[in-house]
Chemist: 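Below you'll find the structure I mean.
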Amino acid sequence: MAIILDGKALAKKIKGQVAAQAAALPRRPGLAVLLVGENPASQVYVRGKEKDCDECGILNLGCRLPAETTQEELLARIERLNADPAVDGILVQLPLPGHIDEGTVLRAIDPSKDVDCFHPRNVGEMMVGDPVCWPCTPFGVMELLREYGIFPAGRHCVVLGRSNIVGKPMALLLLRDNGTVTVCHSRTPDLKEQCLQADILVSAVGRTGLVTADMVKEGAVVVDVAMNRNADGKLCGDVDYATVSEKASYITPVPGGVGPMTRAILMRNVLAAAKAHQKQP
Ligand code: GUN
């Protein structure tokens, strides 16, 4: 039976550290989360981030905007937040409504306030070395692995999914820590064979039941990034937890695995941005 990678517990510890350091700064850090429209999943995520801000002593300077908000209005708001010295981090919750171009919006955020690490300049920094911060979800996965003494060096890591938010930066982080990395996606013909090579398997696809026990090597570490709803409306990941946990050495639960880590790393990224803006070590 696999050991559970308890993201909830580690996230609590990290948020405690952020709160202590935030309280010691001359000025409270500020995060502006912008939510456009009423996507139900996004509303849940944004509420979570607002709660985390309260717990960490970070000012919540964001707002909810109606679905009809134009791209120009959103860009004007980002401009104001870029210029506001009380704002250390700006996060535009994705996905945006169809009439707004995501790339244009992400490029408008001041890179020093880009706590998601989605601005192309920061993505470039990530490619060549050490950006100011790393994207919250993949970095949260790395921190969770580290907490349990799991290191990618010399191990075969298989990432399912190639999104800009998770799959691609996840692969880069595993590579940076000397893992041998394979990225699989919807056009990978031999998914099962690829997965069976994995010492560390990270799934970030968003399809319930994608990863079954016959795809997992005995003793592998299995990380489930997905947040899906099953037919009963219950939260679940990509991994068939009941059977895969019999075979894996370590596994993340859904919920309580990667999700809380994403949120905790966001708080840490806001703290790092605030320190940089306030020139603190
Ligand atoms: N939507 C889903 N995940 C994320 C995330 O990490 N950041 C933002 N901004 N939007 C998201």
Side-chain angles (χ1 to χ4, degrees), residues 7 11 14 31-53 58 60-65 67 69 71 74-75 77-78 81-82 87-98 100-111 113-123 126 131-144 159 161-173 202-207 223-229 235 237-238 254-255 257-270 272-273:
I14 292 171
L31 171 65
V33 178
L34 299 179
L35 173 61
V36 185
E38 272 120 44
N39 180 308
S42 293
Q43 285 177 325
V44 174
Y45 295 148
V46 167
R47 266 200 299 277
K49 287 165 188 170
E50 290 166 349
K51 188 165 156 270
D52 293 334
C53 283
I58 290 172
N60 162 21
L61 303 166
C63 62
R64 319 267 167 122
L65 301 164
T69 304
Q71 182 165 309
L74 181 57
L75 291 173
R77 195 169 281 268
I78 290 170
L81 294 169
N82 282 343
V87 175
D88 295 297
I90 302 170
L91 183 147
V92 178
Q93 187 65 33
L94 304 177
L96 285 164
I100 299 179
D101 181 60
E102 190 180 292
T104 305
V105 169
L106 295 180
R107 278 177 175 79
I109 296 170
D110 177 339
K113 300 188 176 188
D114 171 33
V115 285
D116 262 329
C117 195
F118 290 170
H119 190 290
R121 204 177 90 184
N122 290 332
V123 175
M126 193 164 71
V132 183
C133 59
W134 287 86
C136 304
T137 299
F139 199 71
V141 170
M142 298 307 288
E143 290 292 85
L144 189 55
V159 178
R162 55 175 157 177
S163 68
N164 289 337
I165 296 182
V166 184
K168 285 185 208 166
M170 187 77 249
L172 274 181
L173 276 163
V202 181
S203 189
V205 172
R207 196 183 316 148
V223 176
D224 195 344
V225 177
M227 296 258 254
N228 314 319
R229 300 252 170 213
L235 210 56
D238 290 341
V254 179
V258 176
M261 288 303 299
T262 297
R263 289 168 50 182
I265 299 300
L266 173 65
M267 294 299 109
R268 209 159 74 181
N269 284 352
V270 177

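Whatever order the structure lists them in is the order used to number ligands and atoms, beginning at 1.
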Chemist: How close does the nearest protein non-hydrogen atom get to atom 1 (N) of ligand 1, and which residue and atom is it?
Modeler: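 Of the protein heavy atoms, Leu94 O, 2.9 Å lies nearest.
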Chemist: So do Glu50 and Val33 actually touch side chain to side chain, heavy atoms under 4.5 Å?
Modeler: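 Side chain of Val33 against side chain of Glu50, heavy atoms only: no contact under 4.5 Å found.
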Chemist: Sort and list the pairs that fulfil side-chain hydrogen bond (donor to acceptor under 3.5 Å, both in side chains) and have at least one residue in residues 257-269, not counting sequence neighbours.
Modeler: Asp52-Arg263, Thr137-Thr262, Glu143-Arg268
Chemist: Could you pull out, from Asp116, Ile165, Thr137, the option with a heavy atom nearest to atom 9 (N) of ligand 1?
Modeler: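 Shortest heavy-atom distance from atom 9 (N) of ligand 1: Asp116.
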Chemist: Name the closest protein heavy atom to atom 11 (C) of ligand 1, giving the residue it belongs to and the distance to 0.1 Å.
Modeler: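 Heavy-atom neighbour on the protein nearest atom 11 (C) of ligand 1: Gln93 NE2, 3.4 Å.
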Chemist: What closest approach, in Å, do Gly206 and Asn228 show between heavy atoms, and which atom pair accounts for it?
Modeler: CA-OD1, 3.1 Å
Chemist: For a quick test of reading the model, state the closest non-hydrogen atom pair linking Lys113 to Leu81 and the distance between them.
Modeler: NZ-O, 2.9 Å
Chemist: Going by the atom numbers of ligand 1, which of them fall below 4.0 Å from some non-hydrogen atom of Leu91?
Modeler: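 Contacts of ligand 1 toward Leu91, numbered from 1: 9 (N).
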Chemist: What atoms in ligand 1 come closer than 4.0 Å to a heavy atom of Val92?
Modeler: 8 (C), 9 (N)
Chemist: With a cut-off of 4.0 Å, which atoms of ligand 1 are near a heavy atom of Phe118?
Modeler: 7 (N), 8 (C), 9 (N)
Chemist: I need the minimum non-hydrogen distance between Gln93 and Leu96, along with the two atoms involved.
Modeler: O-CD2, 4.0 Å
